[in-house]
Participant: 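Would you mind keeping the following structure in view while I ask a few things?
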There are 2 protein chains.
Amino acid sequence: MAARPPAEEIIWMRPDRSRPAPRAALSREQIAAAALAVADAEGVDAVTMRRIARELGSGTMSLYRHVRTKDEVIDLIVDAALGEEDRPAGPSGDWRADLHRLAEAKRAVMLRHPWLARAAAGRPALGPNALASTEYALAALAGRGLAMEEAARVINTLNAFVTGFVQTEVEEAAWRRPPEEEGDGGGGDWRERTLPYLQQVLDSGRFPHFTRLVNEAEPYPDTGEAFAWQLRRVLDGLAAAVPE
Amino acid sequence: MAARPPAEEIIWMRPDRSRPAPRAALSREQIAAAALAVADAEGVDAVTMRRIARELGSGTMSLYRHVRTKDEVIDLIVDAALGEEDRPAGPSGDWRADLHRLAEAKRAVMLRHPWLARAAAGRPALGPNALASTEYALAALAGRGLAMEEAARVINTLNAFVTGFVQTEVEEAAWRRPPEEEGDGGGGDWRERTLPYLQQVLDSGRFPHFTRLVNEAEPYPDTGEAFAWQLRRVLDGLAAAVPE
DNA sequence: ACACTTCTGCGTACGTTGTACTCGAGCGTA
DNA sequence: TACGCTCGAGTACAACGTACGCAGAAGTGT
């Protein structure tokens, strides 16, 4: 019955290119680890093939023995980061609590790696860790008489909301920060860059509701609380679709 | 009283750099239009300063007289594309129907410009057209006794869901398409690239629910219908937070 | 009519990026 | 010993964003 490779190790998108390959000073894992470290320390834009190689003390082109393109490196570090998602081993029986916790865990991981939300949004979630997360969510919904297709929809809704939320959350946080110059004394933040334009917008009188929003809303909202609130609303909506 | 400029024209993020400046063969509008055309025709990666200049028959560096960085060009085309969002002039009185229509309009625009969802997700939505959209959404919720902050949350929830959904929608569609080689005869699509890996994953036995999902779910789902369904769920959840 | 200032267009050039190509060295097997 | 792998790495190239500086045109003051 077409004996497939044993279950132990799944090689993310890479049918082995090295058949025996016991030697090899470089490995995909090392490359991924180095790239991940760089991304966390200096942002995903600092991740270049040359930089990874320098970090590993190897030649730039050597990396291509283990990785087809740079994009594959990004695939690797995205899934590696997703692997840090903190979730229990199995579902608790309370699907709503489980999915709530999962969403919070997803957000936490994406805040810990601010480049992650953007990077993950642009590629299929098929890495082992991404799959494990999906598997957990499906397990949380299992046994409730939901068709597989509907369970998938419930999870997709949640994922869309979470990645969408966190993406704007980190983007806004980065936007508030000054453009990252060497220890400048605090001058020149987002206010200076945007206030004149914003003022012009408000004074145009064309956006009265938006003007009220700017004037009345808390300028530094607690985004964690906002996330929890919105997540509850989404789960409320989904609850109607889940029997029991 | 600080008389501000008249309401007529809002210049997106650009306090005038040219004082009289009636001349000028090049303009921000032309640059934005050319860039938008290129993005639509060949994807946002094909938008380069050299390419825009070529399209306009001008020198590359001339563009920088009207635009500070390439990123500003992207700001421009994002907002220009968002300007195509098809929505009525004012709210109808039925907030839920209005927000539903607005979400569908957002999705439609992002599907018409497949690069848009990704590009828009990474920057603050402060362009005139983005603001107009927010203004419409706020208007739809106005007069319902909602605090401004809560109205903003409702809208944020919706926006997060819509951009999140459409981002994975277009990404998945692109992933299904072969890597865009010159008219190849149809061979080598996503199946070839991913099936071996996917098979390995399924056979590993580590993702039983996911395996069931792959086996039971429709391989080519109607994403439009899925969007509508999920949107209704989200609106259901939000409805509980909106009085009346 | 003139000089002077200001703004526009643009050519050149630099540093960085991903990666195709190629070659030599080390190892397993015959 | 010889063959055929695979791995590591150097060189090279095309394409990118954009700093810099100059030429010329348009507007302004005299």
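Lettering of chains follows the sequences in order, A, B, ..., and the numbering in each one begins at 1.
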Participant: From D/dC16, C/dC10, C/dG18, pick the nucleotide closest to the side chain of B/R50?
Facilitator: D/dC16

Participant: Take the protein atom OH of B/Y64 and the nucleotide atom P of D/dA19, then report the distance between them rounded to whole Å.
Facilitator: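 The distance from OH of B/Y64 to P of D/dA19 comes to 7 Å, rounded to the nearest Å.
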
Participant: For B/D86, look at atom CG and say whether over 12 heavy atoms of other residues, nucleotides or ligands are found less than 6.0 Å away.
Facilitator: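 Open.
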
Participant: C/dG18 C1' sits how many Å from A/I52 CD1, rounded?
Facilitator: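 Checked: the CD1 to C1' distance equals 11 Å.
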
Participant: Nearest whole angstrom, please: distance from the C1' of C/dA20 to the NZ of A/K70.
Facilitator: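 Roughly 18 Å, once rounded to whole Å.
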
Participant: Answer with base, sugar-phosphate or nothing: what part of the nucleic acid does B/T60 contact at a heavy-atom distance below 4.0 Å?
Facilitator: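 B/T60: base contact, heavy atoms under 4.0 Å.
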
Participant: Separation of A/M49 atom CE from C/dA20 atom C1', in whole Å?
Facilitator: 13 Å

Participant: Measure CG/B/L63 against P/C/dG11 and give the value in whole Å, please.
Facilitator: 12 Å

Participant: Strictly below 4.0 Å: does B/S62 bring a side-chain N or O up to OP1 or OP2 of C/dC10?
Facilitator: yes

Participant: Is it the case that atom CG in A/N215 sees more than 12 heavy atoms from other parts of the structure closer than 6.0 Å?
Facilitator: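 Enclosed.
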
Participant: Got B/T223 and B/E172 here, is their nearest side-chain heavy-atom distance under 4.5 Å?
Facilitator: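 Result no, sub-4.5 Å side-chain heavy-atom pair not found.
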
Participant: Run the side-chain hydrogen bond (donor to acceptor under 3.5 Å, both in side chains) check on A/Q30 and A/H66 step by step: do they pass?
Facilitator: CA-CA 10 Å; A/Q30 281 175 38; A/H66 305 268; over 6 Å; no

Participant: Starting from P on C/dT17, measure out to CZ on A/R51 and report it in whole angstrom.
Facilitator: 10 Å

Participant: What's the closest nucleotide to the side chain of A/M61 if the choices are D/dA9, C/dG18, C/dG11?
Facilitator: D/dA9

Participant: Can you figure out which of D/dG10, D/dG21, D/dG8 approaches the side chain of B/R65 most closely?
Facilitator: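 Nearest listed nucleotide: D/dG21.
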
Participant: Measuring to OP1 and OP2 of C/dC7, would you say a side-chain N or O of B/H66 lies under 4.0 angstrom away?
Facilitator: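 Indeed not, no polar side-chain atom of B/H66 lies that close.
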
Participant: Send over the distance from B/Q30 CD to C/dG9 C1', rounded to a whole Å.
Facilitator: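 That distance rounds to 13 Å.
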
Participant: Measure the distance from CZ on B/R54 to C1' on D/dC16 and round it to the nearest whole Å.
Facilitator: 14 Å

Participant: Would you say A/D45 has more than 12 foreign heavy atoms packed within less than 6.0 Å of its CG?
Facilitator: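 Open: at most 12 neighbouring heavy atoms sit under 6.0 Å from CG of A/D45.
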
